[in-house]
Colleague: 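Have a look at the structure that comes next, please.
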Amino acid sequence: MPCSPPKLRRTHYSKDIKPELDGKEVVVCGWVERVRDLGGLVFVILRDMEGRVQVTFPKRSGGLYEKAKELGKEYVVAVRGTVKFMENAPGGAEIIPEELVILNVAASPLPLDPSGKTDANLDTRLDNRVLDLRRPKVNAIFRLRHNVLRFIRSFLIDEGFTEVQTPKIIASATEGGAELFPISYYEREAFLSQSAQLYKEQLSSVFEKVFEIGPCYRAEESRTVRHLSEVYVVDVEVAFADAEDVMNLLERLIYYVLRKVADECRRELSVLGRKLEVQEPPFPRYTYTEILGVLEERGIPIAWGEDISTPAYRELGEAIKGFYFITEWPTKGKPFYIKPRENRPEVCEAFDLMYEWIELASGGTRIHEKELLIKRLKEQGLAPSSFDFHLKTFDWGMPPHAGWGLGLDRLIMVITGVENIRECVFYPRDRDRLTP
Ligand code: AMO
């Protein structure tokens with residue numbers, strides 16, 4: 001089959017092919033989504049990044065008509081032709097071709113139907129992710145993801161934040177040793193970063209308001225619908241702030257993003273059949289102790305200080321709808337850098353942002369005094385000497401500070417309404433999956 005270099009240069013996208021262009025010559029490029037041969041006519045639906053356009057090959061076009069009949073699904077083509085008003089075509093116009101260039105062919109049969117008409121299980125979809133991403137619903141999820149990122153950036157930049165990048169190859173754990181991925185780093189052992197935590201704290205002592213959107217690596221043993229080994233987290237740190245200040249920032253961010261999605265991503269929401277509830281801040285706040293009370297009432301007793309299990313979170317999601325915060329967590333279950341209450345050190349200034357049963361973010365007021373930080377490291381069984389590089393920055397004018405980390409992939413789950421986090425990540429990584 002010919003795979004010649006493109007002789008035709010695109011002049012229009014599918015969305016531009018409208019009745020107003022009737023009689024005009026255009027060149028469109030894209031993928032063959034469907035070929036319908038009605039005897040005297042071949043209809044080709046061509047897909048590009050903007051949508052779909054119909055190209056109609058009448059029998060009288062001779063060689064072109066014969067060539068069109070040979071097109072297969074996902075062939076890559078360029079078409080030069082004339083726009084013709086056509087009420088029943090997508091966009092109200094079609095193209096009558098004068099030239100058809102096949103830029104590449106595609107296998108037949110394909111391992112997955114990219115039109116989305118035939119469903120497939122998630123593993124097959126992920127194994128053939130590029131084809132899967134062409135399916136309209138899947139495509140809409142990732143267009144939403146792109147827009148959500150855009151809205152998050154624009155909100156934080158407008159709030160005066162500086163975007164930073166922190167290393168993903170690191171020397172010591174921040175969120176607990178068990179979930180670290182070791183890597184071989186020249187003649188030493190190193191780890192993949194679990195969190196931007198320490199670096200964002202340090203950078204808050206320079207730029208005051210910082211954010212990072214980057215990957216975090218967690219060697220999660222469990223196979224769940226909300227855990228991956230590689231996740232994207234929106235990390236924020238603010239100098240001269242406490243937990244309440246950054247909770248306020250977080251709920252305003254969520255509200256802003258939801259409102260922008262509802263206003264500007266109508267097409268994607270409608271492809272997904274999704275009606276978005278835009279919840280206004282302030283979001284309800286429950287203390288950890290109050291949450292135990294809610295669970296107790298629903299027949300799930302948890303001893304004070306214990307973790308909340310997945311079934312308990314599921315139950316909580318039945319009891320409390322929408323976004324809410326859980327505050328005043330037991331100190332022993334939270335990381336070493338979270339500030340314990342001064343008058344009640346068994347409780348700390350940590351919070352989680354929840355959406356029903358899913359934890360979307362966690363954060364809190366940080367410890368900014370070096371001695372207390374060293375004490376907390378020891379209490380958590382960590383060696384302060386492994387944190388020398390970090391601890392010394394506390395001798396150089398560390399302001400009081402607070403921040404949070406928001407799981408981007410989980411936020412996309414909530415916005416799109418999908419049940420499995422894998423649906424929201426281009427190429428998910430988990431206990432079993434390392435390819436594609
Ligand atoms: P935490 O460990 O709670 O906090 O992570 C922050 C948020 O990241 C998301 N997340 C995950 N999502 C999917 N799969 C995972 N394995 C996974 N792990 C985390 C969650 C979670 O709420 N340094 C702190 C943040 C801070 O205090 O600023 C931290 O990493 O949505």
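Both counts, for ligands and for their atoms, begin at 1 and track the order of listing. Quantities reported herein were computed from a predicted structural model and do not represent experimental measurements.
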Colleague: Is it the side chain, the backbone, both or neither of Tyr337 that has a heavy atom closer than 4.0 Å to ligand 1?
Modeller: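 Tyr337 to ligand 1: side-chain contact only, backbone stays beyond 4.0 Å.
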
Colleague: Tell me the contacting part of His227 for ligand 1: side chain, backbone, both, or neither, using a 4.0 Å heavy-atom threshold, strictly below.
Modeller: both

Colleague: Using ring-ring contact (aromatic ring centres under 6.0 Å, His included) as the criterion, point out the one residue from Phe351, Phe325, Trp304 that pairs with Tyr288.
Modeller: Trp304

Colleague: Looking only at the side chains, is there a donor atom on one of Thr365 and Glu349 sitting less than 3.5 Å from an acceptor on the other?
Modeller: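 Indeed, the side chains of Thr365 and Glu349 share at least one donor-acceptor pair under 3.5 Å.
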
Colleague: Tell me whether the rings of Phe387 and Phe389 are parallel (<30°), tilted (30 to 60°) or perpendicular (>60°).
Modeller: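 Phe387 and Phe389: parallel rings.
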
Colleague: Taking only heavy atoms of Ser195 into account, list the atoms of ligand 1 that are under 4.0 Å away from them.
Modeller: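 Every atom of ligand 1 under 4.0 Å from some heavy atom of Ser195: 23 (N), 30 (O).
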
Colleague: Return the NE2 to NZ distance between His12 and Lys18, rounded to the nearest 0.5 Å.
Modeller: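 So the NE2 of His12 and the NZ of Lys18 are separated by 10.0 Å.
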
Colleague: So, regarding Val233 and ligand 1 (criterion: nitrogen or oxygen to nitrogen or oxygen, under 3.5 Å), is there a contact or not?
Modeller: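 No, no N or O pair falls under 3.5 Å.
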
Colleague: If you define the side chain from C-beta out and look only at heavy atoms, does anything of Phe323 sit under 4.5 Å from Leu360?
Modeller: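 Yes; the side chains approach each other to less than 4.5 Å.
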
Colleague: Would you say the ring centroid of Phe181 lies under 6.0 angstrom from that of Tyr217?
Modeller: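 Phe181 vs Tyr217: aromatic centres not under 6.0 Å.
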
Colleague: Decide whether an N or O pair under 3.5 Å exists between Arg218 and ligand 1.
Modeller: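 Yes, Arg218 has an N/O under 3.5 Å of an N/O on ligand 1.
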
Colleague: Any nitrogen or oxygen of Gly364, main chain or side chain, under 3.5 Å from a nitrogen or oxygen of ligand 1?
Modeller: no

Colleague: Out of all atoms in ligand 1, which are within 4.0 Å of some heavy atom of Trp404? Include the element for each.
Modeller: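 In order of numbering, the contacting atoms are 26 (C), 28 (O).
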
Colleague: Work out which heavy atom in Lys334 is nearest to a heavy atom in Arg376; give both atom names and the distance.
Modeller: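 Scanning both residues, the minimum pair turns out to be O-NH2, 4.0 Å.
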
Colleague: Taking heavy atoms and a distance under 4.0 Å, where does Arg366 meet ligand 1: side chain, backbone, both or neither?
Modeller: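 Answer for Arg366: side chain.
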
Colleague: Heavy-atom contacts with Ala361 under 4.0 Å: which atoms of ligand 1 show up? List them by number with element.
Modeller: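 In order of number, 22 (O).
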
Colleague: Looking only at the side chains, is there a donor atom on one of Arg252 and Asn248 sitting less than 3.5 Å from an acceptor on the other?
Modeller: yes

Colleague: What atoms of ligand 1 come closer than 4.0 angstrom to any heavy atom of Gly407?
Modeller: 7 (C), 8 (O), 9 (C), 31 (O)

Colleague: Please determine if Ile421 has a nitrogen or oxygen closer than 3.5 Å to a nitrogen or oxygen of ligand 1.
Modeller: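 By distance alone, the answer is no.
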
Colleague: Which atoms from ligand 1 have a heavy atom of Lys200 less than 4.0 Å away?
Modeller: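 The atoms of ligand 1 under 4.0 Å from a heavy atom of Lys200 are 26 (C), 28 (O).
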
Colleague: If we ignore hydrogens and angles and just use 3.5 Å, is the side chain of Glu359 paired with the main-chain N or O of Asp352 as donor and acceptor?
Modeller: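 Such a contact is absent between Glu359 side chain and Asp352 backbone.
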
Colleague: Using a strict 4.0 Å cut-off to heavy atoms of Gly363, name the atoms of ligand 1 that fall inside it.
Modeller: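 That gives atoms 27 (O) of ligand 1.
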
Colleague: Kindly confirm or rule out an N or O of Ser362 lying under 3.5 angstrom from an N or O of ligand 1.
Modeller: yes

Colleague: Any N or O of Glu237 that comes nearer than 3.5 Å to an N or O of ligand 1?
Modeller: no

Colleague: Can you sort out which atoms of ligand 1 are near Glu220, meaning under 4.0 Å from one of its heavy atoms?
Modeller: 15 (C), 16 (N)

